[in-house]
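Just so it is clear, the values below take in all heavy atoms, side chains as well, and ignore hydrogens, waters and symmetry mates. Lettering of chains follows the sequences in order, A, B, ..., and the numbering in each one begins at 1. All values reported here derive from a predicted model rather than from experimental measurement.
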There are 2 protein chains.
Amino acid sequence: MKKKPVKLADVARFSGVSTATVSRALSLPHKVKPETLERIQRVIKKLGYVPHGAARALATRRTHTIGAVIPTLDNAIFANTTHALQKTLDEAGYTLLLGCHEFNPKVEARIARKLIERGVDGLVLFGTDHENELWELIERVQIPYVLTWALDRTGRRPCVGFDSREAGVRVAQYLMDLGHRRFAMIAGITATNERHRERVRGVREALAARGIALPPSRIIEKPFSPTAGREAMQEILRQRVRSTAVICGNDVLAIGAIAECHAQGLNVPADISVTGFDDMEFASMVTPALTTVHFPAAELGQYAAEHLLARLSGRKVPHQQQLPVELIVRASSAAPREVLAEVG
Amino acid sequence: MKKKPVKLADVARFSGVSTATVSRALSLPHKVKPETLERIQRVIKKLGYVPHGAARALATRRTHTIGAVIPTLDNAIFANTTHALQKTLDEAGYTLLLGCHEFNPKVEARIARKLIERGVDGLVLFGTDHENELWELIERVQIPYVLTWALDRTGRRPCVGFDSREAGVRVAQYLMDLGHRRFAMIAGITATNERHRERVRGVREALAARGIALPPSRIIEKPFSPTAGREAMQEILRQRVRSTAVICGNDVLAIGAIAECHAQGLNVPADISVTGFDDMEFASMVTPALTTVHFPAAELGQYAAEHLLARLSGRKVPHQQQLPVELIVRASSAAPREVLAEVG
DNA sequence: TTGTAAGCGTTATCAC
DNA sequence: GTGATAACGCTTACAA
């Protein structure tokens with residue numbers, strides 16, 4: 001036997017006013033006579049009235065809700081971005097609807113549609129690679145959105161992100177400056193992931209610019225897991241010509257790669273250099289710390305939220321926003337022994 | 001000049017049927033004549049009709065939405081739980097509304113209320129410690145909820161979680177069995193966090209049972225960050241009587257603690273043993289691996305979701321559900337040198 | 001400053 | 001199988 005929920009009309013009745021006045025008391029308190037307002041608020045408290053969001057959304061055509069479809073929460077870097085996203089939205093009175101696609105574009109499209117049907121006022125997507133079907137839906141329903149992590153090279157879509165190619169160039173140049181000449185790369189899956197495509201491209205182009213090749217056999221694509229990183233490193237260590245520097249598509253792969261080196265009795269970086277992208281703050285505190293190109297994930301979440309919030313409230317914002325990345329040099333990279341030998 | 005969104009009535013008009021039939025075509029397709037159904041579906045596709053969730057929610061009094069208020073996404077363990085939660089809900093056709101309270105109970109209450117106003121069909125909370133105000137709200141609106149991570153000792157509230165006290169007992173006994181007698185603990189903030197209170201209690205009780213005291217000076221409470229872990233370890237290493245075993249309230253604190261040991265030239269575990277709770281899979285791959293009591297976070301998320309989904313669809317489920325934790329022994333714990341000396 | 005009443009876009013209960 | 005039509009709970013002109 002559950003009692004019916006209290007509704008706005010009940011509050012109105014008990015306060016001896018109309019529903020319109022109660023509604024105003026809630027959303028435009030300054031347009032209500034102070035005494036009336038106070039009376040209404042007392043009744044609201046006494047009755048324990050809780051506004052009905054769906055009804056309000058139906059009437060106002062606004063849900064104060066933002067949807068985000070992220071790759072996964074199992075990677076700290078995306079979790080960090082999402083955390084900042086949620087926090088910024090919350091402070092602005094918005095609620096986050098969250099979905100994870102686990103690197104499957106079809107799933108992403110499905111979830112995005114679901115969020116749109118739930119009525120989100122805006123949408124946050126990760127990267128620029130998306131199903132056509134999703135683009136069409138977004139276009140059709142005219143929902144404000146922002147792409148994150150990546151930059152849209154066409155310049156047509158609103159985004160706040162990083163230049164992944166540039167990041168690739170940075171590590172490659174750094175390692176070449178240390179004297180490395182034989183490279184291998186443990187890349188993430190690049191097919192539907194422009195961020196990792198660009199990282200590889202950056203590395204490859206920077207190497208090529210100094211006459212160093214990175215043949216396909218030296219680029220091993222793996223899903224994002226430490227185990228996959230280990231496997232890839234095994235493959236690399238099996239190759240006849242040994243690489244002196246291994247660049248990993250992200251921190252997770254790098255951790256696995258280092259673990260495999262250790263398992264084979266190799267010293268990092270004395271015997272082989274391992275670098276990566278993203279971050280590994282925690283692990284770096286206690287291990288041959290990883291040199292990485294660091295992407296400030298939390299800042300990204302905050303800026304992405306602010307971008308969307310600004311547009312929702314009619315403010316002007318730069319269509320494209322690029323966030324700087326930072327090369328953090330730690331103990332995991334070094335000159336290869338052979339180079340040191342030459343110099344010495 | 002934005003064109004008005006397509007609504008169900010438009011689909012009805014173009015298909016030459018009533019809105020009732022279109023509605024049925026959407027939710028009870030088998031109750032519609034196949035030809036009619038097909039015609040409607042064609043029109044839906046052609047018009048690009050997207051159902052209006054708020055209107056549907058208003059009419060059905062169901063949003064197919066679940067709210068979760070978690071501590072933070074910046075700790076991998078909660079991110080993992082949330083990931084599994086989202087995934088399980090998604091598979092059942094539900095959407096996750098997410099909020100983070102960052103260990104502030106007032107914020108938790110505020111966000112929970114917001115989610116309830118948005119119309120979530122159910123609520124997932126972390127732990128058993130909550131503001132009275134929140135309990136009253138939950139009671140008043142009669143919303144199905146489930147507590148996670150912790151177990152409710154009163155047995156009155158639905159929950160799926162772990163026995164944190166037991167976890168504390170496990171590490172303590174393990175370390176005592178190794179020969180340790182002088183302990184210190186780097187605890188998390190316990191005031192509004194029964195999980196960490198219970199971990200401390202378990203350790204303390206297990207030690208007491210074997211006549212070992214853990215005086216307040218040996219329990220250092222810190223917020224959950226590696227930096228705080230380092231600071232706490234500094235304090236501990238400054239104490240006149242040196243502890244041989246340091247138990248950390250979670251993995252994040254433990255990482256910091258180990259880092260500080262290394263910084264001071266101490267070998268872990270030869271010079272001092274450092275253990276923890278939760279997990280540290282990645283770091284463990286490349287560092288003096290942490291012995292921990294492992295809480296299967298992803299499983300928890302899945303079970304919590306299933307619990308709630310079951311109740312929402314009227315199925316019976318156990319009111320309380322305890323998930324097993326596992327002591328994972330790795331290289332970070334060991335007999336203290338003095339003990340080895342005695343034995344040797 | 002407050003009240004009246006017409007939506008908002010669905011679903012659901014009846015008839016037919 | 002299908003169609004009218006009354007909810008669902010709130011907002012917002014427009015009046016008073």
Side-chain angles (χ1 to χ4, degrees), chain A residues 2-41 43-44 47-65 114 116-121 141 143, chain B residues 2-41 43-44 47-65 114 116-121 141 143:
Chain A
K2 67 196 303 183
K3 41 210 172 297
K4 289 168 69 174
V6 179
K7 54 192 192 185
L8 187 141
D10 300 322
V11 176
R13 196 153 34 79
F14 273 79
S15 316
V17 297
S18 73
T19 61
T21 304
V22 177
S23 177
R24 281 184 215 110
L26 255 28
S27 29
L28 312 157
H30 59 283
K31 307 214 117 198
V32 173
K33 184 163 49 162
E35 300 103 78
T36 320
L37 182 58
E38 207 197 335
R39 182 153 36 98
I40 293 176
Q41 285 168 339
V43 173
I44 286 180
L47 261 44
Y49 167 67
V50 176
H52 191 294
R56 173 174 295 181
L58 182 56
T60 60
R61 310 165 128 295
R62 278 286 204 148
T63 57
H64 284 273
T65 263
K114 198 163 72 163
I116 289 173
E117 294 186 352
R118 297 274 186 269
V120 295
D121 291 339
V141 301
I143 188 175
Chain B
K2 66 198 302 185
K3 43 210 172 297
K4 289 167 69 174
V6 178
K7 52 192 195 183
L8 187 140
D10 299 323
V11 176
R13 194 151 37 80
F14 273 79
S15 316
V17 297
S18 72
T19 61
T21 303
V22 177
S23 178
R24 279 185 218 109
L26 255 27
S27 30
L28 312 156
H30 60 281
K31 305 215 122 201
V32 173
K33 183 159 55 157
E35 299 105 78
T36 320
L37 182 59
E38 208 197 334
R39 184 153 36 95
I40 293 175
Q41 285 168 340
V43 173
I44 286 179
L47 262 43
Y49 167 67
V50 176
H52 190 295
R56 174 174 293 181
L58 183 55
T60 59
R61 311 168 126 294
R62 279 284 204 150
T63 57
H64 284 274
T65 263
K114 197 163 74 164
I116 289 174
E117 293 186 353
R118 297 274 186 270
V120 294
D121 292 339
V141 301
I143 188 175

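Residue contacts shown for Arg61(A) are limited to sugar-phosphate atoms, with no base heavy atom under 4.0 Å away. Note on Val22(A): nothing from the nucleic acid sits closer than 4.0 angstrom, heavy atoms only. As judged by a 4.0 angstrom heavy-atom cut-off over every strand, Thr21(A) is placed among residues touching the sugar-phosphate backbone only.
The heavy-atom pair separating Thr36(A) from Thr21(A) by the smallest distance is CG2-CG2, 4.2 Å.
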Might you work through the side chain to side chain donor-acceptor pair (under 3.5 Å) test for Asp121(B) and Thr63(B), ending with a clear yes or no? CA-CA 6 Å; Asp121(B) 292 339; Thr63(B) 57; 3.3 Å; yes
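Side chain of Ala55(B), nearest nucleotide from dT10(C), dC10(D), dT4(C): dT10(C). Closest to the side chain of Arg56(B), from the set dT11(C), dT2(D), dC8(C), is dT11(C). Across dA4(D), dC10(D), dT4(C), the shortest atom-to-atom separation from the side chain of Arg24(B) is found for dA4(D).
For Asp10(B) and Lys7(B), the salt-bridge test fails: no basic side-chain N is under 4.0 Å from an acidic carboxylate O.
The side chain of Thr36(A) places an N or O atom within less than 4.0 Å of a non-bridging phosphate oxygen (OP1 or OP2) of dT2(C). One finds a side-chain N or O of Lys7(B) lying less than 4.0 angstrom from the OP1 or OP2 phosphate oxygen of dG9(C).
Position along DNA chain D of the nearest nucleotide to Arg39(B) versus Ala59(B) favours Arg39(B) as the more 5'-ward residue. Comparing Thr19(B) and Thr60(A) along DNA chain D, the residue whose closest nucleotide (by nearest heavy atom) sits nearer the 5' end is Thr19(B).
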